[in-house]
2 protein chains.
Amino acid sequence: MTAPTHADETPAGPDIDDEVLLLLRRADQRYTTGRRRLVAALQSGDGPLTINQILDVDRSLAQSSVYRNLMVLEQVGAVVRIVTRDEFARYELAEHLTEHHHHLICTSCGDVADFALDDSMESSLDEALHKAADTRGFAVDAHRLDLLGTCGDCG
Amino acid sequence: MTAPTHADETPAGPDIDDEVLLLLRRADQRYTTGRRRLVAALQSGDGPLTINQILDVDRSLAQSSVYRNLMVLEQVGAVVRIVTRDEFARYELAEHLTEHHHHLICTSCGDVADFALDDSMESSLDEALHKAADTRGFAVDAHRLDLLGTCGDCG
DNA sequence: TCTGGGACTGATAACGATTCTCACCCTCGG
DNA sequence: CCGAGGGTGAGAATCGTTATCAGTCCCAGA
Ligand SMILES: [Mn+2]
Ligand SMILES: [Mn+2]
Ligand SMILES: [Zn+2]
Ligand SMILES: [Zn+2]
């Protein structure tokens with residue numbers, strides 16, 4: 001659904017940059033070096049990253065610029081802000097740039113990792129969700145599914 | 001699984017107080033009037049409440065005490081803290097005091113309402129989730145499922 | 001019933017992640 | 001080559017949340 005490069009390994013990222021560029025252009029924003037490095041940092045982890053994790057991945061980034069640019073990228077629709085359990089927000093690339101997925105949240109170390117469900121489960125779940133939402137007059141845009149527990153490192 | 005009062009209407013709450021009392025006693029904590037009013041306030045809405053909503057429901061409560069008591073009740077396992085989209089945390093009674101459910105989060109007004117899935121859907125979902133988690137060496141404690149969209153009032 | 005210690009309360013100060021400010025820099029069209 | 005406007009980043013300001021602490025309240029023991 002998102003034109004994967006080939007198989008389904010790392011969605012890799014030549015075209016991701018192009019997509020982000022388009023999204024920014026559409027809002028009269030520039031795709032500067034700092035913003036490129038930021039997007040690259042987000043691609044590096046296998047889950048959403050906190051501000052500090054981003055700064056740690058790329059020491060050339062300034063904290064205030066990261067905050068501002070993440071806000072810009074979020075408004076433009078390239079990045080999603082995620083709040084889990086702890087006091088730190090996390091950011092990841094929007095799903096239309098990667099793939100639909102969910103999160104394993106470790107209640108011990110706080111780390112967050114991605115995972116996905118089979119397509120069949122996704123679609124039957126979606127159907128059930130829409131049905132449930134309809135009866136409450138709620139128009140569904142997206143669903144969010146997290147698992148809380150203990151990660152392999154903390155097990 | 002939680003000894004509902006009878007049908008599945010308002011789980012009502014004589015026994016909820018008893019449960020909370022036990023949980024607090026177990027931790028050498030008292031179930032004071034302020035804490036009872038707090039639990040009552042949480043029962044009043046049909047979704048998790050923010051601190052301000054709680055203070056609004058019961059004007060006799062002091063902000064700092066509400067914050068502290070919510071922390072105590074959370075440590076004791078009677079209350080769960082929920083962070084959704086906005087900057088305000090929300091609190092609700094733990095599911096073993098009520099029923100397993102999920103949340104409809106309105107991205108327009110920020111309001112959060114409860115909803116539930118059929119038992120069959122829940123169990124097949126749980127199975128799929130455990131299977132997915134196992135392959136990542138992740139031990140599941142609970143799942144969290146939210147719908148993002150527009151509520152009836154904002155529609 | 002009286003009493004002491006410990007839990008609880010609530011106004012207030014402190015904290016910290018995030019957001020805002022603003023002088024400076026850089027880029028791009030003319 | 002300029003000038004206007006977007007971008008940058010260090011620091012200040014914001015604000016939800018937490019920690020303090022003196023005063024209360026409650027309960028067990030005398
Ligand atoms: Mn999903
Ligand atoms: Mn569920
Ligand atoms: Zn962990
Ligand atoms: Zn709404």
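Each chain gets a letter, A, B and so on, in the order its sequence line appears, and its residues count up from 1.
Residues forming a side chain to side chain contact (heavy atoms under 4.5 Å, CB included) with Val83(B) (at least two apart in sequence, or on another chain): Val83(A), Arg81(B).
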May I have the step-by-step check of salt bridge (Lys or Arg N to Asp or Glu O under 4.0 Å) for Arg136(B) and Asp46(A), ending in yes or no?
CA-CA 12 Å; Arg136(B) 317 271 303 217; Asp46(A) 84 320; 3.3 Å; yes

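Heavy-atom distances under 4.0 Å link DNA chain D to no residue of residues 104-114 of chain B. Within residues 60-74 of chain B, the residues having any heavy atom under 4.0 Å from DNA chain C are, by residue number, Ala62(B), Ser64(B), Ser65(B), Arg68(B), Asn69(B). Across residues 25-35 of chain B, Gln29(B), Arg30(B), Thr32(B), Arg35(B) each have a non-hydrogen atom less than 4.0 Å from an atom of DNA chain C (numbered order).
Minimum heavy-atom separation, Leu24(A) to Val76(A): N-CG1, 3.8 Å.
Here His143(A) and His100(A) bring their ring centres to under 6.0 angstrom of each other.
Using a 4.0 Å cut-off, some side-chain N or O of Arg81(B) falls inside it from OP1 or OP2 of dT18(D).
When rounded to the nearest whole Å, the span between CG of Leu24(A) and P of dC28(C) equals 14 Å. Rounded to an integer number of Å, the gap from Arg37(B) CZ to dG10(C) C1' is 15 Å. Between the P atom of dG16(D) and the CG atom of Asp86(B) lies a distance of 11 Å, rounded to the nearest Å. The distance between atom CD1 of Ile51(A) and atom C1' of dG9(D), rounded to the nearest whole Å, is 14 Å. We find that CD of Gln75(B) is positioned 12 Å from P of dC8(C), with the value rounded to whole Å. Rounding to whole angstrom units, CG of residue Leu55(B) and P of dG16(D) are separated by 12 Å. Note: CD1 (Ile54(A)) to C1' (dT18(C)) measures 13 Å, nearest angstrom.
Panel note: side chain His96(A), backbone Gly77(A); a donor-acceptor pair is recorded below 3.5 Å.
Looking only at side-chain heavy atoms (C-beta outward), Tyr31(B) and Asp17(B) come within less than 4.5 Å of each other. You'll find the side chain of Val79(A) stays beyond 4.5 Å of the side chain of Leu38(A), heavy atoms only.
Atoms CD and CG, from Glu92(B) and Leu49(B) in turn, are 9.0 Å apart once rounded to the nearest 0.5 Å.
Screening residues 101-121 of chain A for salt bridge (Lys or Arg N to Asp or Glu O under 4.0 Å), with sequence neighbours left out, gives no hits.
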Under 3.5 Å, which donor-acceptor pairs do the side chains of residues 145-155 of chain B form with other protein atoms, sequence neighbours left out?
{"from": "Asp146(B)", "atom 1": "OD2", "to": "Arg144(A)", "atom 2": "NE", "distance (Å)": "3.4"}
{"from": "Asp146(B)", "atom 1": "OD2", "to": "Arg144(A)", "atom 2": "NH2", "distance (Å)": "3.1"}

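Defined by atom type and a distance below 3.5 Å, a donor-acceptor pair is present between the side-chain atoms of Ser60(A) and Asp58(A).
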